[in-house]
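What follows is one structure encoded as structure tokens, with my remarks underneath.
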Amino acid sequence: MSRADRAPAPTGQQLELVRGDQRAIVTELGATLRSYTVGGRPRLDGFEVEEMCSGSRGQVLLPWPNRIASGAYRFGDVDHQLPWNEPQKHNAIHGLVRWSRWTVSARADDRVTLTHTLLPQPGYEFTVAFTLEYGLGDDGLEVRVDAKNLGTERCPFGAGFHPYLRLDPSHIDDLELESPASSHYLADADQIPTGREPVDGTAFDFRSPRAIGATRMDTAFTELARGAEGRATVTLRDRATGDAVSMWCDEGFGYLMIFTGDALPDAHKRRMGLAVEPMTCAPDAFRSGDGLLVLEPGETWTARWGIGASGRARSARRA
């Protein structure tokens, strides 16, 4: 069968970005980051072109990240009810644009811009225009997200992204993690926060780099230490080889979700990559208000995050 005779990819058009030894692929469906490699080595645990996205790999989480308990929330004087798309836990999860087709508005060899306008629908009766730019630079992949309230009323808003960091075929148990978070959330059986506590003395304290080992996480974090340009950085490292990959986010993202993948339905994918999710708010923020953003009519919000081209791949480029 020739390429022209094949069925379209489940995720639509495949948008390839290339710069030096870096290569990224973004999909038309959901503006999803399907893969990113440096020097031929995977920096993400993504999915193949013939597959549907599973485990939310590389997906864009708008207009909220993570979960809303029972999908029900009150904003202003109005009660809203979202559909449950995590029915086993009775939650609305990861927003409304993951399975929508995005429009390519600009493209070059090393970058692409996609747009999508979210129109009012049951549970979220607001109009928000989104713009995403993925670009490759000397230091890695950078993502810029813009959200503009096109409506005449204020709207609740949150943003997040769902990359799984990966180093070659190694299971994350053998890798070292460094995280800037000094507090983590406690959660109930449905993954809804019940409180927050310092990471001191817990299994979730990775402020100094140490092996992940058998630690299981599907855990939200906040109080992020920041370095240059206000960036908070999470690094995954293979201590034996010096290979490393990092996710950074600017001050627009004050929260992280870290997921070790133990609950993924595909057993062979569990603990192959570490989901490190920059978020603007805590889980269930539409109900709790913890980190919730409110966009005024006509207001635009912007933030950036990225994946560092680090470790052996970066060293090889500089040699």
Would you mind checking if [Y] and [X] are paired as a salt bridge, meaning a charged N to carboxylate O distance below 4.0 Å?
{"X": "Asp79", "Y": "Arg74", "result": "yes"}
{"X": "Glu133", "Y": "Arg144", "result": "no"}
{"X": "Arg207", "Y": "Asp200", "result": "yes"}
{"X": "Lys89", "Y": "Asp190", "result": "no"}

Quick one: does any side-chain atom of [X] pair with a main-chain N or O of [Y] as donor and acceptor, under 3.5 Å?
{"X": "Thr194", "Y": "Asp188", "value": "no"}
{"X": "Thr222", "Y": "Gly254", "value": "yes"}
{"X": "Glu125", "Y": "Gly123", "value": "yes"}
{"X": "Asn91", "Y": "Ile93", "value": "no"}
{"X": "Arg226", "Y": "Asp250", "value": "yes"}
{"X": "Asp284", "Y": "Ala69", "value": "yes"}

Measure up the Tyr124 and Trp64 rings against each other and bin them: parallel (under 30°), tilted (30 to 60°), perpendicular (over 60°).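 Ring orientation, 0 to 90° scale: tilted.
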Parallel, tilted or perpendicular for Phe204 and Phe221, by the 30°/60° rule?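 Phe204 and Phe221: perpendicular rings.
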State, to 0.1 Å, how close [X] and [Y] come at their nearest heavy-atom pair, and which atoms those are.
{"X": "Leu96", "Y": "Pro63", "answer": "N-CD, 3.7 Å"}
{"X": "Pro83", "Y": "Ala92", "answer": "O-CB, 3.5 Å"}
{"X": "Pro65", "Y": "Gly158", "answer": "CD-C, 3.8 Å"}
{"X": "Ala159", "Y": "Leu62", "answer": "CB-CD2, 3.4 Å"}
{"X": "Gly140", "Y": "Gln22", "answer": "CA-OE1, 3.2 Å"}
{"X": "Val128", "Y": "Ala147", "answer": "CG1-CB, 4.1 Å"}

What residue pairs, at least two apart or across chains, pass salt bridge (Lys or Arg N to Asp or Glu O under 4.0 Å) with a residue in residues 147-164?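 Pairs touching residues 147-164 that pass the test: Arg154-Glu296.
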To the nearest 0.5 Å, what is the distance between [atom1] ([X]) and [atom2] ([Y])?
{"X": "Leu141", "Y": "Arg111", "atom1": "CG", "atom2": "CZ", "result": "9.5 Å"}
{"X": "Arg216", "Y": "Arg270", "atom1": "CZ", "atom2": "CZ", "result": "9.0 Å"}
{"X": "Leu61", "Y": "Asn66", "atom1": "CG", "atom2": "CG", "result": "8.5 Å"}
{"X": "Met217", "Y": "Ile212", "atom1": "CE", "atom2": "CD1", "result": "5.5 Å"}
{"X": "Leu236", "Y": "Arg43", "atom1": "CG", "atom2": "CZ", "result": "9.5 Å"}
{"X": "Ser35", "Y": "Phe47", "atom1": "OG", "atom2": "CZ", "result": "8.5 Å"}

Using side-chain heavy atoms (C-beta onward) and a distance below 4.5 Å, is [X] in contact with [Y]?
{"X": "Glu277", "Y": "Trp305", "result": "no"}
{"X": "Asp168", "Y": "Pro42", "result": "yes"}
{"X": "Val234", "Y": "Ser246", "result": "no"}
{"X": "Cys155", "Y": "Leu295", "result": "yes"}
{"X": "Phe130", "Y": "Leu118", "result": "yes"}
{"X": "Pro283", "Y": "Gln191", "result": "no"}
{"X": "Pro122", "Y": "Leu82", "result": "no"}
{"X": "Phe253", "Y": "Leu224", "result": "no"}

Please test Phe161 against Val145 for side-chain contact (heavy atoms from CB on, under 4.5 Å), starting from the C-alpha separation and ending with a verdict. CA-CA 10 Å; Phe161 294 81; Val145 54; 3.9 Å; yes
When you check the side-chain N and O atoms of [X] and [Y], is any donor under 3.5 Å from an acceptor?
{"X": "Thr260", "Y": "Asp262", "result": "yes"}
{"X": "Asp146", "Y": "Thr300", "result": "no"}
{"X": "Arg98", "Y": "Thr32", "result": "no"}
{"X": "His94", "Y": "Gln59", "result": "no"}

Report yes or no: do [X] and [Y] belong to one cluster of Ile/Leu/Val/Met/Phe/Trp/Tyr joined by side chain heavy-atom distances under 4.5 Å?
{"X": "Phe126", "Y": "Val294", "value": "yes"}
{"X": "Leu256", "Y": "Leu293", "value": "yes"}
{"X": "Val112", "Y": "Ile25", "value": "no"}
{"X": "Met247", "Y": "Tyr164", "value": "no"}
{"X": "Leu175", "Y": "Phe259", "value": "no"}

What residues, two or more places apart in sequence or in another chain, satisfy ring-ring contact (aromatic ring centres under 6.0 Å, His included) together with Tyr73?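 With sequence neighbours excluded, Tyr73 shows a ring-ring contact (aromatic ring centres under 6.0 Å, His included) to His80, Phe286, given in chain and number order.
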Tell me every residue that passes ring-ring contact (aromatic ring centres under 6.0 Å, His included) with Tyr36, counting only those two or more places apart in sequence or in another chain.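 Result, ring-ring contact (aromatic ring centres under 6.0 Å, His included) vs Tyr36: none returned.
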Under the rule for salt bridge (Lys or Arg N to Asp or Glu O under 4.0 Å), what residues qualify as partners of Glu86, not counting sequence neighbours?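 Arg67.
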When you measure from the centre of the six-membered ring of Phe206, is the NZ or CZ of Arg210 closer than 6.0 Å and no more than 45° off the axis?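 Checked: cation-pi criterion met.
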Please determine whether salt bridge (Lys or Arg N to Asp or Glu O under 4.0 Å) holds for the pair Arg271 and Asp173, giving the CA-CA distance in whole Å, both sets of side-chain angles, and the decisive distance to 0.1 Å. CA-CA 7 Å; Arg271 302 183 73 87; Asp173 307 47; 3.0 Å; yes
Which hydrophobic side chains are connected to Met279, either touching it within the sub-4.5 Å cutoff or through other members that do?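 Besides Met279, the hydrophobic cluster comprises Tyr185, Tyr255, Met257, listed by chain and residue number.
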Show your reasoning for whether side-chain contact (heavy atoms from CB on, under 4.5 Å) applies to Leu114 and Val26. CA-CA 10 Å; Leu114 302 99; Val26 177; 4.0 Å; yes
Would you check if the distance from the ring center of Trp301 to the ring center of Phe157 is below 6.0 Å?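 Yes - the distance between ring centres of Trp301 and Phe157 falls below the 6.0 Å cut-off.
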Might you work through the side-chain contact (heavy atoms from CB on, under 4.5 Å) test for Leu274 and Leu177, ending with a clear yes or no? CA-CA 10 Å; Leu274 183 71; Leu177 174 64; 3.8 Å; yes
Name every donor-acceptor pair, under 3.5 Å, that has one atom in a side chain of residues 99-109 and the other anywhere in the protein, sequence neighbours excluded.
unit_1, atom_1, unit_2, atom_2, d
Arg101, NE, Glu28, OE2, 3.1
Ser105, OG, Thr113, O, 3.4

Dump the intermediate steps for side-chain hydrogen bond (donor to acceptor under 3.5 Å, both in side chains) on Thr11 and Gln14, then the final yes or no. CA-CA 8 Å; Thr11 50; Gln14 307 293 298; 2.9 Å; yes
Take Val143 and Leu132, measure what side-chain contact (heavy atoms from CB on, under 4.5 Å) needs, and give me the verdict at the end. CA-CA 7 Å; Val143 185; Leu132 276 176; 4.1 Å; yes
